[in-house]
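Down below is the structure, laid out as structure tokens.
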Amino acid sequence: MTPEVLPAATWADLVTERLVDAIAARPALVLCLPTGSTPLPVYDLLPARLTARGVSAAAVTIVALDEFLGLPAGQPARCDAVLRRRLLDRLDIPVGRWIGFDADGADPDAACLALDAAVAAAGGIDLVVLGLGANGHIGMNEPGSAADAPTRVVALAPSTREAAVGYGADPPPTHGVTLGLASILAAREVWLLATGAHKAVILRRLVDQPPSPAIPASWLLDHPNLRVIVDDAAFS
Ligand code: GLP
């Protein structure tokens, strides 16, 4: 796998353009989106870029990639709150075209089954966009995750909990729910995004080693329609 390496100064611009291309090509795109800090510059650009190019996102369905458990609804670090604040409210995605985890109910296992069922009812995921965890996770599929891992409740790795503090959850949650690797790999197209020098070590390990549970993102290397889109700082 050879990553596409873009200049840091234009990375967000080019990824945004490609996302607009994807929506233009398939207006009813079923699009799974991550949170974390990596995609935020793209989300900041996307609404105006859609308008500028005359592309409507009104028929797009957005699927949550993951969610923390134990944070109250609306807590700013919650993945659904971040997506709503940074993107969905600015795209006017109707409530019915948002497929998220019910992280507030009594039964998070049932919430995982419900998310997979809603995705299946929507026809499956067309495009899943992923950030790369510092430990090689995607979504909350932490090291040790098998390629057929289902959508499920997970215990968060220490580095993921540290990241959660950075997003504003202090004390950080211990568990989350994540789209499983099986569902991620079933998407028709996968984009793995990484930016910044702090991703250089994990990106190098990902590129150099065969797929294994030690680096969950490495399972993506078997996907027939994978794009790894990084900036030159991450690929240094
Ligand atoms: C977080 C999230 C992932 C995210 C990844 C990278 O813990 N669970 O969905 O993509 O780690 O985060 P960042 O983009 O902030 O580096």
Side-chain angles (χ1 to χ4, degrees), residues 3 8 11-12 15-16 19 31-44 62-71 75-87 99-101 103 108 112 115 125 127-145 149 151-181 183-185 187 190-206 215-220 226-231 233-236:
W11 178 89
V15 174
T16 305
L19 210 41
L31 174 63
C32 181
L33 292 177
T35 51
S37 46
T38 305
L40 296 183
V42 175
Y43 298 165
D44 289 346
I62 305 286
V63 180
L65 175 64
D66 52 13
E67 187 55 272
F68 295 115
L69 291 175
L71 297 182
Q75 208 279 354
R78 280 254 305 229
C79 302
D80 55 0
V82 172
L83 271 179
R84 193 149 286 292
R85 187 171 72 239
R86 296 299 290 254
L87 187 64
I99 299 176
F101 290 95
C112 292
L115 184 119
I125 295 172
L127 170 61
V128 56
V129 180
L130 301 165
L132 177 63
N135 62 359
H137 76 208
I138 45 176
M140 291 176 184
N141 291 279
E142 300 284 17
S145 297
T151 300
R152 66 203 186 285
V153 176
V154 288
L156 301 179
S159 61
T160 305
R161 300 188 69 218
E162 275 168 35
V165 173
Y167 305 146
D170 193 5
T174 58
H175 289 76
V177 282
T178 186
L179 193 71
L181 274 157
S183 297
I184 291 172
L185 292 170
V190 179
W191 295 0
L192 179 64
L193 309 180
T195 55
H198 62 299
K199 295 292 169 71
V201 171
I202 187 63
L203 195 59
R204 174 54 64 191
R205 287 180 63 204
L206 175 64
I215 303 178
S218 67
W219 295 122
L220 301 175
L226 168 70
R227 302 175 91 167
V228 182
I229 312 172
V230 307
D231 72 2
F235 200 66
S236 53

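Note that ligands are numbered from 1 as they come in the structure, with each ligand's atoms numbered from 1 the same way. Fair warning: this is a prediction, and the values are worked out from it, not measured in the lab.
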Subject >> Arg78 charged N/C atom sitting above Tyr167 aromatic ring, 6.0 Å / 45° >> reply: no
Original post:
Sub-3.5 Å donor-acceptor pair from the side chain of Asp231 to the main-chain atoms of Gly196, do we have one?
Top reply: yes
Original post:
Do side-chain atoms of Glu67 reach the backbone of Asp80 as a donor and acceptor pair under 3.5 angstrom?
Top reply: yes
**OP:** Examine distances only and state if a side-chain atom of Thr16 and a backbone atom of Ala12 form a donor-acceptor pair shorter than 3.5 Å.
**Re:** yes
**OP:** Answer yes or no: is there a donor N or O on one side and an acceptor on the other, between the side chain of Thr35 and the main chain of Cys79, under 3.5 Å?
**Re:** no
Using a cut-off of under 3.5 Å, which N/O atoms of ligand 1 pair up with protein N/O atoms, and what distance separates each pair?
unit_1, atom_1, unit_2, atom_2, d
ligand 1, 7 (O), His137, NE2, 3.3
ligand 1, 8 (N), Asp66, OD2, 3.0
ligand 1, 8 (N), Gly139, O, 3.1
ligand 1, 9 (O), Asp66, OD2, 2.9
ligand 1, 11 (O), His137, NE2, 2.8
ligand 1, 12 (O), Tyr167, OH, 3.1
ligand 1, 14 (O), Ser37, N, 3.2
ligand 1, 14 (O), Thr38, N, 2.9
ligand 1, 14 (O), Thr38, OG1, 2.5
ligand 1, 15 (O), Ser37, N, 2.8
ligand 1, 15 (O), Ser37, OG, 2.8
ligand 1, 15 (O), Tyr167, OH, 2.7
ligand 1, 16 (O), Lys199, NZ, 2.6

Original post:
Are the side chain of Arg152 and the backbone of Gly180 linked by a donor-acceptor contact shorter than 3.5 Å?
Top reply: no
